[in-house]
Amino acid sequence: MSSQDIPEETLPSKQGEHEGAVAAAGDPFADPGIPPHEPRIQDIDERAARRSERVVAFLFVLSMLATVGFIAAYVSLPVDKNIFVFPIGHISALNFSLGLTLGVALFCIGAGAVHWARTLMSDVEVADDRHPIEAAPEVKAKVMADFAAGAEESGFGRRKLIRNTMFGALALVPLSGVVLLRDLGPLPGTKLRKTAWSEGKMLINQNTQLPLRPEDIQVGSLTFAMPEGLKEEDEDFQKQIAKAALMIVRLRPENIKDKRELDWSADGIVAFSKICTHVGCPISLYEQQTHHVLCPCHQSTFDLSDGGRVIFGPAGHALPQLRIKVNDKGYLEAMGDFAEPVGPAFWERG
Amino acid sequence: MSTAADNRRKAPAGERVADWADGRLGIYSLAKANMRKIFPDHWSFMLGEVCLYSFVIIIMTGVYLTLFFHPSMTEVTYHGSYVPLQGMKMSEAFASTMHISFDVRGGLLIRQIHHWAALIFVAAMLVHMMRVFFTGAFRKPREVNWLFGFLLLVLGMFTGFTGYSLPDDLLSGTGVRFMEGAILSIPIIGTYVSMFLFGGEFPGADFVPRFFSIHVLLLPGIMLGLLVAHLILVFYHKHTQFPGPGRTNKNVVGMPLLPVYMAKAGGFFFLVFGLIAALAGLASINPIWAMGPYRPDQVSTGAQPDWYMGFSEGLIRVMPGWEINVAGHTLVLGVLIPLIIFPLVLAAIAVYPFIESWVTGDKREHHLLDRPRNAPTRTAFGVAWLTWYLVLLVGGGNDLWATHFHLSINTITWFVRIAFFVGPVVAFVATRRICLGLQRRDKDKVLHGRESGIIKRLPHGEFVEVHEPLSQEQLHTLTAHEQPKPLELEPEVDENGVARKAGAGQRLRVKLSKGFYGEGTHIPKATAEEYQEITSGHGHH
Ligand code: HEM
Ligand code: FES
């Protein structure tokens with residue numbers, strides 16, 4: 001390494017002041033130096049050494065056998081066969097055999113090499129010198145002089161006009177790169193405020209794909225719905241359902257504590273956004289006695305009998321409610337889109 | 001091949017290849033400096049190797065996976081051999097992951113090796129960082145390498161997160177949604193960042209291909225560069241060593257790279273790889289078929305990210321849901337504050353080396369490691385940080401804790417909230433005390449010898465335990481550490497009578513220095529005089 005020829009004087013003065021090797025004679029804590037080498041059994045007994053050799057060779061042979069086993073498993077085991085392995089349970093036979101044989105093949109190479117190194121290679125400790133990382137003053141002086149000469153020859157400091165215009169050009173040119181990122185996506189606009197719901201859209205049962213009637217909704221159960229016209233085959237289905245997903249419960253009107261909630265309900269049926277207002281997980285658990293719904297992600301809990309208010313957890317605002325009615329044909333339908341954005345809050349939400 | 005020159009005695013083939021390479025690459029000079037380079041031995045020095053090897057395993061298995069994985073969100077219908085999902089609509093990304101798991105022979109094994117290795121990689125980095133931290137190996141001249149390592153840890157976490165999201169399954173999709181929600185909370189630009197990242201509204205059809213190039217190209221490329229730089233610096237600085245007989249700040253004691261270290265390190269690669277392969281054969285990881293493809297309106301309960309994201313999960317779970325609405329705008333503090341604390345938790349440990357060197361004012365090179373007990377303030381800080389991290393991990397799994405230990409989520413949330421502030425302080429104080437206790441024990445050992453377990457009866461009937469004096473080697477090892485003195489403020493008036501006021505920075509520095517090294521922060525180590533006094537007394541017993 002290039003630091004090899006740096007003189008000792010560059011060592012910081014206090015370097016290694018506790019070094020025992022140079023301690024005054026009679027210091028009980030002085031460094032006794034590297035302890036003498038203690039021979040291992042393999043160093044003195046050739047039979048022990050040969051035993052070690054056989055162990056290493058055995059491990060290497062075992063590795064070879066395991067590789068053969070790996071290939072045999074690969075060609076002979078069907079990809080869909082399951083076996084029972086205690087205590088893991090039913091697992092893929094192929095995956096199990098490939099993993100185990102590959103594991104053994106690799107592990108034995110490693111174990112062999114380490115055993116070889118520990119028992120048969122020399123274990124005599126040796127010391128190497130260290131050299132300071134910092135350059136000697138002469139080296140540094142030479143570098144500084146070289147740099148000054150280079151800078152002087154370029155005229156960088158003297159010709160201010162060149163320097164300033166160059167900085168200007170270098171500062172501007174990355175802007176092209178920034179501009180190129182513009183088409184990564186559209187501007188937010190009002191996208192986060194609108195969902196697929198609008199006036200007159202019927203509530204479609206997620207499970208049956210049929211329009212929901214009030215009598216389909218029982219007290220105590222949570223029903224999931226999506227807007228009429230949205231199809232799983234649609235190209236933007238994922239994007240739409242991420243905002244439009246709805247959950248519906250039936251409450252006794254006298255249990256609804258919030259005045260607006262009651263106004264927006266139909267026959268005691270209330271519809272709320274299924275998307276948690278924390279960071280957007282879908283809500284999935286309903287507790288029928290308390291009318292609470294729970295988001296499984298971070299346990300935000302909302303009271304569906306009280307305007308979807310947050311009663312526990314990290315969510316910051318109530319679940320948006322969808323205003324619904326029963327139409328002339330006896331189906332549930334939306335009276336418009338959600339009045340406020342669904343899902344997590346954002347800067348422009350207000 | 002049969003020219004006259006060939007009649008001369010030929011060097012062996014290997015030597016001729018080496019000569020060829022030397023003429024073009026200068027390999028002999030390189031080998032001269034490095035082939036018999038000395039490496040000190042200690043079990044904890046293998047932790048960095050575990051990082052290196054798991055990284056290599058991740059790259060190899062990852063390349064294999066790219067041969068079969070389709071980073072596309074185009075909707076397809078599943079027709080593969082896993083019956084329960086047949087006929088289901090899913091993205092190509094999910095379908096190709098199913099293909100790898102059920103139709104490519106050995107594909108599942110490689111997938112599971114890749115994922116297990118990723119978990120072990122990040123864990124190994126964290127533990128390696130702890131070993132570097134607690135032994136003070138980050139001190140001059142290794143601060144830059146500490147930073148390289150720290151960057152690797154952060155990048156490793158993000159590489160893991162992007163990779164976890166690629167199969168587009170229900171669990172990882174939930175994680176991506178979490179990320180999108182967090183991005184939306186950023187004031188002013190949040191919605192724009194989200195639209196630009198996802199190519200429109202969440203989830204859109206772009207995030208898998210985008211995450212794919214970040215996961216397989218951008219981040220691993222940067223990491224590879226940093227990793228090479230990290231290892232070059234380890235070679236250049238030469239490895240640190242623990243104090244002991246013959247070990248000084250100016251030498252490095254151990255065994256040569258060729259053959260011992262090479263055999264051990266090379267062998268260790270195979271040990272690590274073998275264990276991970278066997279683990280991947282036995283233990284299933286991320287069984288996406290059990291979760292199903294992602295739908296934004298569905299969720300699996302007990303959703304948990306990979307462990308290294310757990311502490312951010314903890315932050316977001318225990319944070320109260322604060323939201324401020326002013327002038328038509330929303331400040332989503334409940335999400336924004338965790339988003340800010342997340343990097344701060346990491347940064348707290350990253351900047352510590354620089355704080356320590358500023359406080360000590362120590363400009364020397366350090367190649368001898370500290371035993372953690374001999375640097376009580378540093379050790380206490382490290383344990384406090386770990387406590388912080390663990391408290392948040394507990395918060396991240398609050399539902400699991402609640403179900404396993406029959407506690408209410410509310411209790412756990414409040415426990416985590418309080419422990420977030422109190423835990424590190426308690427850990428700091430307790431650790432410092434334990435360190436002092438251990439120092440005291442070391443001192444006793446030096447002065448009075450080791451307890452031998454042999455009980456002797458004195459002539460007047462008293463029982464005493466015989467203490468065996470320590471060997472010279474042990475005495476040296478236990479007393480080789482330094483005990484830094486705190487900085488002092490320079491006198492307000494210098495020798496010429498000119499008033500000179502220390503700046504606020506300097507005063508803070510002296511204060512901190514007192515806190516680090518002042519009274520009560522260490523047990524003065526045994527001195528030669530004390531030792532001689534006691535040992536000469538011993539003879540008369
Ligand atoms: C890709 C991840 C990493 C790899 C492959 C890696 C690899 C290594 C290896 C092989 C060594 C020498 C053996 C040892 O001391 O364990 C080492 C030393 C070191 N590492 Fe890392 N490391 C990684 C991450 C980190 C992290 C996260 C930190 C801390 C923030 C760090 C800081 C250091 C320092 C300061 C040294 C020098 C230690 C000494 O000489 O005592 N490394 N690293
Ligand atoms: S997303 Fe529902 S609690 Fe976090």
Side-chain angles (χ1 to χ4, degrees), chain A residues 1 12 15-16 18-20 27-29 31-35 74 79-80 95-96 98-100 102-103 106-107 109-110 113-114 116-117 121 125-130 133 184-186 188 191 238-239 241-242 245 279-282 284 296-299 314-317 344-347 349-350, chain B residues 33 38 81 105-106 108-109 141 177-178 181 184 187-188 190-191 195-196 199-203 238 245-246 248-253 259-260 263-264 266-267 270-271 273-274 277-278 280-281 296-297 299 301 303 317 319 321 323 328-330 332 334 364 409 472-473 475-476 479 482 528 531:
Chain A
M1 249 164 235
Q15 180 98 38
H18 55 269
E19 271 165 35
D27 178 356
F29 305 146
D31 182 0
I34 301 178
Y74 186 90
V79 70
D80 54 359
N95 188 61
F96 173 71
L98 292 183
L100 227 52
L102 181 62
L106 292 164
F107 190 89
I109 296 180
V114 170
W116 178 11
M121 292 179 186
E125 282 189 325
V126 241
D128 245 2
D129 288 339
R130 285 183 195 275
I133 305 294
L184 275 177
K191 293 188 183 66
Q238 294 277 75
K239 194 163 91 185
I241 198 73
V279 289
C281 275
S284 62
C297 283
H298 317 113
Q299 292 85 38
H317 59 271
F346 48 93
W347 176 248
R349 186 174 183 277
Chain B
I38 297 300
S81 44
R105 282 179 285 173
L108 179 61
L109 182 71
R177 175 85 228 217
F178 172 166
L184 284 181
I188 306 172
T191 49
M195 291 289 156
F196 282 22
E201 284 177 78
F202 177 85
K238 297 185 174 148
T248 72
N249 207 30
K250 286 187 195 157
N251 72 6
V252 47
V253 178
V260 179
K264 276 192 187 170
F270 287 98
L271 291 181
F273 201 171
D297 60 333
V299 70
T301 42
R317 284 187 183 198
M319 179 71 199
E323 249 170 50
H329 290 294
T330 304
V332 197
R364 296 166 301 156
I409 295 256
Q472 178 88 28
E473 274 112 34
L475 285 177
H476 173 70
T479 53
E482 288 182 339
Y531 181 82

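Side-chain atoms are counted along with the backbone in the values below, which use heavy atoms only and exclude waters and symmetry mates. A note on names: the letters A, B, ... follow the listed sequences, proteins ahead of strands, and every chain is numbered from 1.
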*Short question: side chain of B:H476, backbone of A:F29 - any donor-acceptor pair under 3.5 Å?*
yes
*Count the heavy-atom pairs under 4.5 Å between each of B:L475, B:D297, B:L184 and chain A, then report the option with the highest count.*
B:D297
*asked:* So which atom in B:A277 and which in A:L106 form the shortest heavy-atom distance, rounded to 0.1 Å?
replied: CB-CD1, 4.3 Å
*Could you pull out the closest heavy-atom pair between B:A263 and A:M121, with the gap in Å?*
CB-CE, 3.5 Å
_Parallel, tilted or perpendicular, as decided by the 30° and 60° cut-offs, for the rings of A:H298 and B:F178_ = perpendicular
*Count the heavy-atom pairs under 4.5 Å between each of A:A245, A:P186, A:P344, A:A117 and chain B, then report the option with the highest count.*
A:P186
*Which one of A:L100, A:L98, A:I109 has the most heavy-atom pairs closer than 4.5 Å to chain B?*
A:I109
_Between B:P259 and chain A, with a heavy-atom cut-off of 4.5 Å, which part of the residue counts as in contact: side chain, backbone, both or neither?_
both
*Look at B:P187, B:G281, B:P141, B:P296 and state which one has the largest set of heavy-atom pairs under 4.5 Å with chain A.*
B:P296
*Among B:I38, B:V253, B:V252, which has the most heavy-atom pairs under 4.5 Å with chain A?*
B:V252
*Could you look at B:A528 and say if it's the side chain, the backbone, both or neither that has a heavy atom under 4.5 Å from chain A?*
both
*Is it the side chain or the backbone of A:A345 that comes within 4.5 Å of chain B heavy atoms, both, or neither?*
both
*Most chain A-contacting option - heavy-atom pairs closer than 4.5 Å, from B:P203, B:G106, B:G334*: B:P203
*Using a cut-off of under 4.5 Å for heavy-atom pairs, which of A:G280, A:P188, A:G185 has the most such pairs with chain B?*
A:P188
*Which answer fits B:F273, side chain, backbone, both or neither, if we ask what part of it has an atom under 4.5 Å from a heavy atom of chain A?*
both
*May I ask you to check whether over 12 heavy atoms, not counting those of A:W347, lie within 6.0 Å of atom CH2?*
yes
_Any side-chain heavy-atom pair of B:V299 and A:P296 under 4.5 Å_ = yes
*Using atom types as modelled and distance alone, determine if a side-chain donor or acceptor of B:Q472 lies under 3.5 Å from a backbone N or O of A:P28.*
yes
*By a 4.5 Å heavy-atom criterion (distance strictly below it), what part of B:V332 contacts chain A: side chain, backbone, both, or neither?*
side chain
*Quick one: what part of A:Q299 sits under 4.5 Å from any heavy atom of chain B, side chain, backbone, both or neither?*
side chain
*asked:* Can you tell me which of A:I241, A:V79, A:D80, A:L184 forms the most heavy-atom pairs within a distance under 4.5 Å of chain B?
replied: A:L184
*Hey, what do you get for CG (A:N95) to CG (B:L108), rounding to the nearest 0.5 Å?*
4.0 Å
_Spacing of NZ belonging to A:K191 relative to OG1 belonging to B:T191, to within rounding of 0.5 Å_ = 10.0 Å
_Between CD1 on residue A:I34 and CD on residue B:E473, distance to nearest 0.5 Å_ = 11.0 Å
